[in-house]
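This report concerns only the one structure given below.
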Amino acid sequence: MDSAIQNGAEISEKVKEFQERARRMRVSFVDLENIEIDPEIGQLIPEAMARRYQAICIGKKERKITLAMADPVDVFALDDVRIRTNFDVEPVLADPVAIEKAIKTVYGEDSSWKDIVDTAETAVIDIIQDDDVETGEEVVIDQPVIRLVNLIIAQAIEKGTSDIHIEPNEREVLVRYRIDGVLHEIMTIPKSLESAVLARIKIMSDMRLDEKRVPQDGRIHLKLRSGDYDFRVSTLPTVMGESAVMRILDKRSIMVELKDMGFSEQDYKKWVGAINITNGIILVTGPTGSGKSTTLYATLKMLNKPDVKILTVEDPVEYNLKGIIQVQTNRKAGLDFSRALRAFLRQDPDKIMVGEIRDKETGGIAIEAALTGHMVLSTLHTNNSVLTITRLTEMGIEPFLISSTIVAILAQRLGRKICKKCRQEISKPKKLMEIFNKMEIDPKEVILYKGEGCNACNQTGYKGRVGIYELLIASDTFKDLINKEAHYAELFAQSKKDGLTTLYEDGLKKVASGITTYEELYRVTAD
C-alpha cells in the first residue's frame, strides 16, 4: 500500500513537472495515460513521421488535428506535418515515454520490419514473380527480406502509387510512395536491412549486385492477382548508401481515352483536329511527372488505325502498344533518338513519335521528317506553350524551320482531384470570387469544395488526378512572328488573340466546377 501511495506521488510530481513545462512553452499538457487514442485518428500521420518527431495524433476536428509531442515548439516538425497531412496542427506537450507507448499501440508493437514480415503469410502479399527473373543469387537473400520487398510493392499498388522511393538515411531507410503526384512517408526500415533490401531489388530487376559505385537501370515484371505490372527501376549511389526508385507502369493507366483526360470541349476539338493533320510537328510540354507520356499514348491510341503506320522511339519504352512499331534507344549500341529518326524516314511511316527532343540534332531531324510529309509528335521540358518556341531557338534550330513545321503545342500539368467520398461544400472567399469575376467566370455559378479526408483518399482530401492544359494552335500570324524572331511578349500576346487559354485559366475553370481546389491549382501552376 505504501509503495502504491509513493508511486502515485511520483506520478503526480511528474505530471506537475510537465504541466509547468507546458506553461512555459505556452501550450497545453496532455496525460496520454488517461486517453484512449482512436487508431484511425492516430494513423493520420505516417508512422515514420510519428517516430521521427516523437509525436502522435490524438484528435481531429474538421481540418485541424491535435498532435501530442515531446517537443511541441519544433517548428520544422510542425511545418512538415502540416504540409504532408494538409491539416492545421494544434501541438500539445506529452511525456516522451507515453508517446512511445502510444505509437507502439497505434502502429504496432515492433518497429522491426524484419520481424513483422517474418511472421506475415505469403498469401497476404499475393505476389507471383516471373520465373525468368529469379537468379542463382536468390539464396543469399533471407526470406523475411523477400517478403518485406513484396510487401512494399503490394501495398504501393493497392494505394495507387506511381513511384516507390527507397532512401537511405544515417540511421534508417525511408520508404516513400508518390500518390497522385505527392510523396507520402510510409515506413522506415532498419539500417541493418538496407543492403539486403537493395540486393533483392537488384536481383528482381536484373542489375549487377557487385556494382554500387555508379547508377544502374533495370526492369521488373510482376504478376499479381489484380493484374500484370511492369516496374522501371533506377538505383543511385549516395553518401548514405544506394537509393532506389521504382516507377510502377500500370498498363491500365494508358487505357484512358483522350476525351476523359480533362480537356475542355473547345481544346479537345482543336487537339483532335491538329493530330489528324498529315504533316508537321506537335509538341507536348511540361515538367517531369506532368502526364506528357500519358497524353501522347492516348493520342497514339486514337491515331492507331489499320491504314496508318506509326513508329515510336522512346527511352525507355514504358508500354507496349499493339499495332504500333516501338523502338527503344540503346546508347551502348549507338542507337539514340537522332539515329532512330534517320532510320524511320526509310520505313515509310505516317506518324512518328519521338520520346523527347533533347538537342539540336534530334530537333533538326524531326523537322526534316515533318518537311518531308510526316506528322511528328514529341515532348519538351518547358513551363508553358509559348516558351517552347524560345527553347527550340536556344537549341540552335532556325526560326524559319520552326515556323514552317509547328502545328500545335500543348503545355500541361496534373492536379489532384477532390475526393468525391469526403468532399464538402465550402464558403466562397471574396478575393477568389474577384479572380473568377476578372476571368469572366460568373461567381454565382461557382461551387467550391474541399476534401475533409477519409480512408479512401489516405486522409489527404484528394483522390485521382485531372489534366490542366494550355493548347496553342499556331496561326499564320503567330508563325510570321516566329519567322521575324519576335520576343516572348509578342508571341504570347498573339497567342491570346488566337484564343489561347492559359494553364492558370484552364485550372481556374476546374476549380469553379468543383473538380479541384484553388490551393492545388496554385501548387501545380506557380512556376
Side-chain angles (χ1 to χ4, degrees), residues 219 221 223 227-230 232 249-285 291-330 335-357 362-363 365-380 404-410 412 467 469 471-474:
R219 290 181 78 95
H221 177 70
K223 294 180 180 177
D228 286 10
Y229 296 86
D230 287 313
R232 194 175 75 206
L249 306 175
D250 183 358
K251 293 179 181 178
R252 290 172 295 184
S253 67
I254 61 159
M255 299 307 290
V256 61
E257 298 291 337
L258 201 57
K259 59 181 173 56
D260 297 326
M261 294 180 62
F263 282 98
S264 67
E265 186 177 346
Q266 181 183 13
D267 280 351
Y268 176 75
K269 288 178 180 178
K270 287 181 180 180
W271 182 250
V272 171
I275 64 175
N276 280 292
I277 292 174
T278 54
N279 62 285
I281 289 180
I282 291 178
L283 296 173
V284 181
T285 77
K292 299 186 297 295
S293 295
T294 302
T295 298
L296 281 178
Y297 278 121
T299 301
L300 291 178
K301 184 182 174 186
M302 175 175 278
L303 294 172
N304 191 11
K305 299 172 184 176
D307 60 343
V308 177
K309 181 166 183 175
I310 302 174
L311 295 176
T312 77
V313 54
E314 305 168 60
D315 181 23
V317 174
E318 295 188 357
Y319 303 99
N320 295 319
L321 301 173
K322 187 177 179 181
I324 294 176
I325 298 172
Q326 295 171 273
V327 175
Q328 180 163 312
T329 59
N330 186 334
L335 180 61
D336 55 14
F337 283 130
S338 57
R339 189 169 181 179
L341 264 175
R342 285 194 188 94
F344 281 6
L345 297 181
R346 298 188 291 273
Q347 292 286 312
D348 189 31
D350 296 299
K351 311 284 184 182
I352 296 172
M353 194 269 272
V354 186
E356 183 182 353
I357 293 178
T362 307
I365 301 167
I367 283 175
E368 182 185 334
L371 289 171
T372 53
H374 304 91
M375 172 55 71
V376 180
L377 297 97
S378 189
T379 68
L380 207 64
S404 300
T405 53
I406 200 75
V407 174
I409 304 169
L410 179 71
Q412 69 175 73
Y469 301 102
L471 178 57
L472 187 159
I473 300 296

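Heads up: numbering here begins at 1 and tracks the sequence. Remember, it's a predicted structure, so these values are computed and weren't measured experimentally. Hydrogens, waters and symmetry mates play no part in the numbers below; they use all other heavy atoms, side chains included.
Across all non-hydrogen atoms, the minimal contact from G323 to N304 is O-OD1, 3.7 Å. The two residues Y469 and F263 have their closest heavy-atom pair at CE1-N, 3.8 Å. Taking all atoms of both residues into account, the shortest heavy-atom contact from D350 to D307 is OD2-O, 3.8 Å. Scanning both residues, K270 and L471, for their nearest heavy atoms gives CB-CD2, 3.6 Å. Summarising the geometry of K351 relative to I277, their closest heavy-atom pair is NZ-O, 3.1 Å, with the distance given to 0.1 Å. Closest approach of A274 to I473, counting heavy atoms only: CB-CD1, 4.2 Å.
Atom CD1 of I352 sits about 11.5 Å away from atom CG of N279, to the nearest 0.5 Å. Taking CG of L249 as the reference point, atom CZ of R232 lies at 6.5 Å (rounded to 0.5 Å). Between the CG atom in D267 and the CG atom in L472 there is a gap of 10.5 Å [rounded to 0.5 Å]. Between atom CD1 of residue I282 and atom CD1 of residue I275 there is a gap of 6.5 Å, rounded to the nearest 0.5 Å. Expressed to the nearest 0.5 Å, how far CD1 of I324 lies from OH of Y297 amounts to 9.0 Å. Note that CG of L321 and OG1 of T312 are 7.0 Å apart. Values are rounded to the nearest 0.5 Å.
Under the 3.5 Å distance criterion, the side-chain polar atoms of K309 are matched with a main-chain donor or acceptor of Q347. Using a distance-only test at 3.5 Å, with no hydrogens or angles considered, no donor-acceptor pair links the side chain of Q326 to the main chain of E314.
For the pair L311 and V327, the minimum side-chain heavy-atom distance is 4.5 Å or more. In this structure the side chain of I406 reaches within 4.5 angstrom of the side chain of L283, judged on heavy atoms. Considering only heavy atoms from C-beta on, E356 stays 4.5 Å or farther from D315 through its side chain.
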Please list, one pair per line, the donor and acceptor atoms closer than 3.5 Å that link side chains of residues 365-379 to other protein atoms, with sequence neighbours excluded.
| residue | atom | partner | partner atom | Å |
| --- | --- | --- | --- | --- |
| T372 | OG1 | E368 | O | 3.0 |
| T372 | OG1 | A369 | O | 3.0 |
| T372 | OG1 | H374 | ND1 | 3.3 |
| H374 | ND1 | A369 | O | 3.0 |
| S378 | OG | V354 | O | 2.8 |
| S378 | OG | I357 | N | 3.4 |
| T379 | OG1 | G355 | O | 2.6 |

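By the side chain to side chain donor-acceptor pair (under 3.5 Å) test, R339 pairs with no residue at all, sequence neighbours left out.
Within a 6.0 Å radius of CG in D260, more than 12 heavy atoms belonging to other residues, nucleotides or ligands are found.
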